[in-house]
Undergrad: 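The following block contains the structure, expressed as structure tokens.
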Amino acid sequence: MTDVPATHPRYASLRTRDAIVAGVERGVTSIHGLVAHGRGEAFDYLLGERTRDFAREAIDAAAAMLVTARRPVVSVNGNAAALAPGDLIALAAAVGAPLEINIFHASKDRERAIRSHLLEHGAPDVLMPTAHAVLDHLDSNRRFVHPNGIHAADVIFVPLEDGDRCQALVQSGKRVITVDLNPMSRTARTATVTIVDNVTRALPLLLERVSARRNDDAPQALLDRYDNGQVLRAAEIALRAG
Ligand code: ATP
């Protein structure tokens with residue numbers, strides 16, 4: 001771990017960078033994941049490395065969508081597993097969703113490494129991609145899914161998604177919640193709910209909102225009012241304003 005003191009103004013960012021590097025060293029995160037992380041860091045820097053109101057609004061909608069879902073699934077890739085394994089497991093438990101591994105760069109070893117990593121962090125079970133269920137509208141490795149997981153899901157929480165799969169999921173009639181620091185990515189623009197925030201900050205807030213929503217009798221009304229386009233416009237304005 002970095003020897004930067006906790007008082008350093010960008011301590012959290014540097015700790016997050018350490019977590020991604022550790023993920024690569026453990027075989028959980030692909031080397032390409034470092035590049036994706038760097039892109040995220042740049043956007044986070046411009047957003048002041050804090051959760052903005054547009055992200056809180058999306059987090060609220062995401063919580064409402066997850067608690068009203070019939071078959072939610074939490075999809076995990078190598079970056080998300082390295083950055084927030086405990087929170088992903090807690091979210092899956094809180095909404096009664098399975099965790100399913102789905103990665104862009106094909107590697108059975110890495111899929112197994114992510115699975116072990118999640119099990120070590122307390123996941124009761126982890127679904128793996130299979131050749132028995134395939135997502136339509138997609139050619140990459142990410143089309144292989146689990147028949148009882150993503151294939152059958154109505155709502156998928158998938159942080160740090162890639163645009164192609166997000167499109168394929170939406171075209172398959174699924175609602176997609178993503179966390180993406182870039183409000184201009186194809187993923188951000190295609191998802192049903194886009195949380196423009198760092199996944200490390202967004203997940204604890206989402207967990208909090210999921211608990212609060214359990215006692216709320218109107219999650220559907222909140223979803224009806226929610227406008228993802230408006231949230232993305234607000235995020236882009238914030239980025240351009242610096
Ligand atoms: P798309 O295909 O959706 O246009 P992309 O090709 O721009 O995406 P990818 O490399 O597939 O991007 O994924 C990286 C995305 O994840 C980037 O948009 C980046 O901003 C975002 N990202 C990286 N790290 C984080 C993080 N810690 N929290 C939230 N978002 C992140």
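First listed ligand is number 1; within each ligand, the first listed atom is number 1.
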Undergrad: Can you name the residues that form a salt bridge (Lys or Arg N to Asp or Glu O under 4.0 Å) with Arg17, not counting sequence neighbours?
TA: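 Only Glu41 meet the salt bridge (Lys or Arg N to Asp or Glu O under 4.0 Å) criterion with Arg17.
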Undergrad: So, regarding Arg39 and ligand 1 (criterion: nitrogen or oxygen to nitrogen or oxygen, under 3.5 Å), is there a contact or not?
TA: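 N/O-N/O distance under 3.5 Å: yes.
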Undergrad: Within the 4.0 Å heavy-atom shell around Asp162, which atoms of ligand 1 are there?
TA: 2 (O), 11 (O)
Undergrad: Between Val199 and ligand 1, does any nitrogen or oxygen pair lie at a separation below 3.5 Å?
TA: yes
Undergrad: Suppose we screen for salt bridge (Lys or Arg N to Asp or Glu O under 4.0 Å). Which residues come up paired with Arg201, at least two apart in sequence or across chains?
TA: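 Listed in chain order: Asp44, Asp197.
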Undergrad: Could you measure the distance from the CD1 atom of Ile156 to the OG1 atom of Thr192? Nearest 0.5 Å is fine.
TA: 9.5 Å
Undergrad: Give the atoms of ligand 1, by number and element, whose distance to some non-hydrogen atom of Gly40 is under 4.0 Å.
TA: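 Atoms satisfying the 4.0 Å criterion: 19 (C), 20 (O), 22 (N), 23 (C), 24 (N).
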Undergrad: Which ligand 1 atoms are under 4.0 Å away from a heavy-atom of Thr187?
TA: 1 (P), 3 (O)
Undergrad: Looking at Asn182, which atoms of ligand 1 are within less than 4.0 Å of one of its heavy atoms?
TA: 18 (O), 20 (O)
Undergrad: Would Leu181 count as a polar contact of ligand 1, with the cut-off being nitrogen or oxygen pairs under 3.5 Å?
TA: yes
Undergrad: So is Asp197 touching ligand 1 or not, going by heavy atoms under 4.0 Å?
TA: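 True for this residue.
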Undergrad: Please check whether Leu160 reaches ligand 1 - meaning an N/O of the residue sits under 3.5 Å from an N/O of the ligand, judged on distance alone.
TA: no
Undergrad: Salt bridge (charged side-chain N to carboxylate O under 4.0 Å, His left out), that's the test. Do Arg233 and Glu236 meet it? Break it down for me.
TA: CA-CA 5 Å; Arg233 278 191 292 281; Glu236 205 175 322; over 6 Å; no
